[in-house]
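In what follows, a single structure is set out as structure tokens and then discussed.
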Number of protein chains: 2
Amino acid sequence: MESAFAVIAEPNRRAILSMLSSSERSVGELMHELRLPQPSVSKHLKVLREGGFVESRVEAQRRVYRLNPKPLREVDAWLEPFRRFWSKHVDALEEHLDRMEKEKASSVKGRKRHD
Amino acid sequence: MESAFAVIAEPNRRAILSMLSSSERSVGELMHELRLPQPSVSKHLKVLREGGFVESRVEAQRRVYRLNPKPLREVDAWLEPFRRFWSKHVDALEEHLDRMEKEKASSVKGRKRHD
DNA sequence: CAGGCATATGCCCAGATGGGTATATACGTC
DNA sequence: GACGTATATACCCATCTGGGCATATGCCTG
């Protein structure tokens, strides 16, 4: 599995991560709450493990999985350059005014714009 | 393409989005900067378009693509519950208590092990 | 040590997907 | 309207991946 993005592309894996964000769980608990066959859960957990999203602890016959946030921080970091767009639509007015001003300025003296 | 997550699972598509985050580009510009064959760029753009990540504007024979941040906000929103893990110091206590509780419960009946 | 529970793994299959190539469509120019 | 440019699409193929099933492994109890 290439990247953290590919790992969280799978809906069941996202569900597992969401569950683990509230508290750690055993495979059986995940299996029951997600209503997935056990091999399926184990396979997804393997992908998550190898991607560094989860870690496991042995407790008798059970494996208890807990979240490791590191790979998700990578995703979060990748989003950073896009955050300036979050408020862009809200601030459409401001952007419009900003553009108006630029055009006004350039129409006076023929200044050029850079983009 | 199912979800926004599946769309950004592809490295070239993330590259396109990153490029568009700085400024809009034509297909030819993306093609040149990413060194990808044109059909490949067009196909990725189609996925991005249908996923709502980009919008296009016709300019003579060219199609100029610009970013639409909405689907990325979904991804950002999904990350929200995990952000409390970002600052490990703050939540270390809670996690510790959580673990203590489980150990107490299991130590009553049998042996315990951790790693 | 047998037997049962919890989890992991191996195998096969069907569907999805990205790459590559060829072709279609759209537009602008002469 | 012929031609070149810019982009989209159709087609084929190799690969990957998740689902389902069977089975292996590990641990605990009697």
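Quick caveat, the model's predicted, so the values are computed rather than measured. Sequence lines set the chain letters: A, B, ... in the order given, protein chains first and strands last, and positions in each chain run from 1.
- Take B:Arg62 and apply the side-chain hydrogen bond (donor to acceptor under 3.5 Å, both in side chains) test, not counting sequence neighbours, and it matches no residue.
- With rounding to whole Å, A:Leu36 atom CG is found 14 Å from C:dA8 atom P.
- Aromatic ring centroids of B:Trp78 and B:Phe82 lie under 6.0 Å apart.
- Shown for residues 5-17 of chain A: residues whose heavy atoms fall under 4.0 angstrom of DNA chain D, namely A:Glu10, A:Asn12, A:Arg13.
- Applying the salt bridge (charged side-chain N to carboxylate O under 4.0 Å, His left out) definition to pairs two or more places apart or across chains, those involving residues 15-43 of chain B are B:Glu24-B:Arg57, B:Arg25-B:Glu33.
- Applying the side-chain hydrogen bond (donor to acceptor under 3.5 Å, both in side chains) test to A:Gln38 and every residue at least two apart in sequence or in another chain returns A:Ser42.
- Taking the side chain to side chain contact (heavy atoms under 4.5 Å, CB included) definition, one finds that B:Val41 meets it with B:Val27, B:Leu30, B:Met31, B:Leu36, B:Leu45, sequence neighbours left out.
- For A:Arg49, the side-chain hydrogen bond (donor to acceptor under 3.5 Å, both in side chains) test picks out A:Tyr65, with sequence neighbours left out.
- The side chain to side chain donor-acceptor pair (under 3.5 Å) pairs that include a residue from residues 7-20 of chain B are B:Arg13-B:His44, where partners are two or more places apart or lie in different chains.
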Self-check item: Annotated protein contacts, base or backbone, on nucleotides 4-14 of chain D with a non-hydrogen cut-off under 4.0 Å, one of B, S, - each
Solution: --SBBB-B---
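- One atom, CG of A:Leu48, and another, P of D:dG18, lie 10 Å apart when rounded to the nearest Å.
- Contact between the side-chain N/O atoms of B:His44 and the OP1/OP2 oxygens of C:dT17 is not found at any separation under 4.0 Å.
- Residues passing the side chain to side chain contact (heavy atoms under 4.5 Å, CB included) test with A:Pro37 are A:Pro39, A:Ser40, sequence neighbours excluded.
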